[in-house]
Amino acid sequence: MPPPHPLEILVPTIPFHSTWPFSRTRAHVVPYRAWDDKTVREAVIVLPSGWDPAHQPHPLPLVISPHGRNNFGWQNAVHYWQELPADGPFALVCPDGLSRAHDKASDPLDQPPQDPSLFTYGYPPYIDDLARMPKIVRATLPWLTIDLERIYVMGSSMGGLETLLLAARYPGPLSGGTGRLAGAAAFDSPCDMAVQCCYLTNMPPAHGADPPGVAARMLEEINARPRTVTRFNHAATFFNSKLGRHMTIGQLLDKLPRNQSLWDERSPLRYVPKLAKLPFPLRLYWSSHDTIVGNQAKDQSGKLYKVIVKANPEADVEQVSGLWPHSAEFVPGASLTEALQGFGLIP
């Protein structure tokens with residue numbers, strides 16, 4: 001007898017992270033096998049309260065939301081999405097994900113991150129996992145009926161990066177033919193990973209933040225140095241947990257092979273020909289006051305909008321720019337609500 005499919009041995013579980021703090025929605029934490037087919041990760045599926053096997057008035061649209069660098073699926077759902085699925089109604093899935101550098105073998109230069117979900121940074125196999133989310137939702141909550149023609153992806157920061165990559169790589173059917181995207185909205189997204197990494201090396205640590213340390217994790221995750229590193233701050237230091245001491249960004253760069261293609265495959269600006277011809281609407285939200293993803297007008301989301309419109313003046317793309325702090329607009333009552341309304345997901 002053949003071994004069971006990985007999803008056949010995974011079943012829904014009740015959330016154990018903490019008590020779900022909202023009354024109009026209910027969260028289901030479901031396990032799934034990540035892209036390596038052995039590491040079990042979790043996805044949080046949020047439904048309107050009362051939506052259960054005995055009560056499903058109609059199929060629900062589904063929103064896929066990859067999390068930012070400082071969050072997991074649970075925190076993404078609790079902090080940013082809250083009770084929005086009840087306002088639709090729609091279903092929400094927030095996966096944890098799995099990075100490339102997630103163990104000692106894949107991160108030989110340093111100790112791997114404390115949790116392998118935090119630094120996915122658009123790793124292509126994880127983008128494939130995002131494309132599997134409708135299939136995973138159906139496999140782990142088999143009683144739930146999803147409207148496969150109304151699947152959307154929305155995320156902020158690293159989640160915005162991965163939103164754009166999913167849209168670019170899956171403009172048609174998603175994994176296994178389980179639905180297709182009907183819209184994408186990305187918030188405060190890095191769009192050129194090498195430029196963002198360089199920016200972080202030039203930002204000093206402050207108020208508990210460690211931009212050079214984040215840049216080091218990015219370099220270790222991508223496992224290559226970009227074509228050009230002259231503007232990197234080679235003297236910036238970060239703590240290498242494996243060595244138990246500080247080292248410089250320049251020392252880390254010297255240990256890595258040069259491979260620009262590994263940066264390009266994670267950078268939405270390299271997917272402009274595909275993003276300019278999407279068969280669904282794309283919405284870009286970005287702030288000129290963001291200090292986490294820097295210089296967005298010149299280097300990141302603002303630049304992406306300009307080159308998409310230049311490549312295809314008829315592209316269904318819109319931008320909204322403002323002066324908010326990083327990801328502050330990705331909450332109910334702000335631009336996240338506006339994006340959901342624009343897609344017809346909430347009134």
Side-chain angles (χ1 to χ4, degrees), residues 5-7 9-10 30-44 64-69 71-73 76 93-110 112-140 151 153 155 157-181 184 186 189-191 193-194 196-197 217-224 226 256-257 259-271 274-275:
H5 187 278
L7 287 180
I9 63 175
L10 302 176
V30 302
Y32 70 95
R33 289 194 188 275
W35 50 265
D36 65 351
D37 202 31
K38 63 181 181 181
T39 304
V40 176
R41 307 307 296 149
E42 290 183 340
V44 179
I64 303 167
S65 183
H67 61 77
R69 178 180 56 80
N71 277 314
F72 305 101
N76 186 29
V93 58
C94 301
D96 279 345
L98 181 66
S99 61
R100 185 205 66 80
H102 64 278
D103 56 22
K104 291 182 179 179
S106 57
D107 191 8
L109 299 176
D110 202 343
Q114 186 174 5
D115 189 281
S117 298
L118 290 179
F119 296 91
T120 49
Y121 282 130
Y123 184 44
Y126 174 51
I127 302 303
D128 294 334
D129 278 356
L130 291 176
R132 292 171 51 220
M133 283 301 127
K135 187 176 180 179
I136 289 169
V137 170
R138 296 178 80 188
T140 52
I151 299 175
V153 58
S157 193
M158 185 179 77
L161 161 75
E162 291 162 349
T163 289
L164 293 167
L165 293 174
L166 180 63
R169 293 189 51 207
Y170 286 89
L174 294 169
S175 179
T178 309
R180 62 180 61 240
L181 291 178
S189 313
C191 298
M193 291 296 284
Q196 172 65 7
C197 188
R217 282 297 187 194
M218 189 184 296
L219 287 161
E220 292 165 7
E221 165 62 19
I222 296 177
N223 200 35
L256 294 169
N259 191 334
Q260 180 64 34
S261 66
L262 294 179
W263 292 82
D264 290 345
E265 70 181 8
R266 302 187 190 220
S267 297
L269 275 162
R270 303 301 177 261
Y271 292 84
K274 293 184 177 181
L275 292 171

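Only this structure's heavy atoms are used, side chains among them; waters, hydrogens and symmetry mates stay out.
Distance CD/E220 to CG/D110: 4.0 Å, rounded to 0.5 Å. Between the CG atom in L275 and the CG atom in L269 there is a gap of 9.0 Å [rounded to 0.5 Å]. Atom CG of D103 sits about 7.5 Å away from atom OG1 of T39, to the nearest 0.5 Å. Here the OG atom belonging to S267 is positioned 7.5 Å from the CD atom belonging to Q260, to the nearest 0.5 angstrom. To the nearest 0.5 angstrom, I64 atom CD1 is 9.5 Å from I136 atom CD1.
The side chain to side chain donor-acceptor pair (under 3.5 Å) search around T178 returns none, not counting sequence neighbours. Looking at residues two or more places apart in sequence or on another chain, you find a side chain to side chain contact (heavy atoms under 4.5 Å, CB included) between R100 and S106, Y123, E221, N223, R266. By the side chain to side chain donor-acceptor pair (under 3.5 Å) test, R138 is found to be paired with no residue, residues two or more places apart in sequence or in another chain being considered. For R180, the side chain to side chain donor-acceptor pair (under 3.5 Å) test picks out no residue, with sequence neighbours left out. Shown here are the ring pair (Phe, Tyr, Trp, His ring centres under 6.0 Å) partners of H102, two or more places apart in sequence or in another chain: W35. Under the rule for a side chain to side chain donor-acceptor pair (under 3.5 Å), the partners of N259 that lie at least two apart in sequence or sit in another chain are S261. D115 pairs by the salt bridge (Lys or Arg N to Asp or Glu O under 4.0 Å) definition with R41, not counting sequence neighbours.
Shown here for H67 and P95, the closest heavy-atom pair between the two residues is CD2-O, 3.2 Å. Pairing each heavy atom of P113 with each of D107, the nearest pair is CD-OD2, 4.2 Å. Shown here for Q196 and M218, the closest heavy-atom pair between the two residues is CG-CE, 4.2 Å. The two residues E265 and L262 have their closest heavy-atom pair at CG-O, 3.4 Å. Considering all non-hydrogen atoms of both residues, S157 and P190 come closest at O-CD, 3.4 Å. Residues G97 and S117 share a closest heavy-atom pair of O-OG, 2.8 Å.
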Pair E42, F72 - check side chain to side chain contact (heavy atoms under 4.5 Å, CB included), show working. CA-CA 9 Å; E42 290 183 340; F72 305 101; over 6 Å; no

Please tabulate, one pair per line, all N/O donor-acceptor pairs under 3.5 Å involving side-chain atoms of residues 160-177, not counting sequence neighbours.
{"residue": "E162", "atom": "OE2", "partner": "T120", "partner atom": "OG1", "Å": "2.6"}
{"residue": "E162", "atom": "OE2", "partner": "Y121", "partner atom": "N", "Å": "3.3"}
{"residue": "E162", "atom": "OE2", "partner": "G122", "partner atom": "N", "Å": "2.9"}
{"residue": "T163", "atom": "OG1", "partner": "G155", "partner atom": "N", "Å": "3.1"}
{"residue": "T163", "atom": "OG1", "partner": "G159", "partner atom": "O", "Å": "2.8"}
{"residue": "R169", "atom": "NH1", "partner": "P124", "partner atom": "O", "Å": "3.0"}
{"residue": "R169", "atom": "NH2", "partner": "D128", "partner atom": "OD1", "Å": "2.7"}
{"residue": "Y170", "atom": "OH", "partner": "D128", "partner atom": "OD1", "Å": "2.8"}

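For the pair I222 and L256, the minimum side-chain heavy-atom distance is 4.5 Å or more. Counting only heavy atoms from C-beta outward, the side chains of V40 and R33 approach each other to under 4.5 Å. Side-chain atoms of P66 and L130, non-hydrogen and from C-beta on, do get closer than 4.5 Å to each other. Using a 4.5 Å heavy-atom threshold, the side chains of L98 and D36 count as touching.
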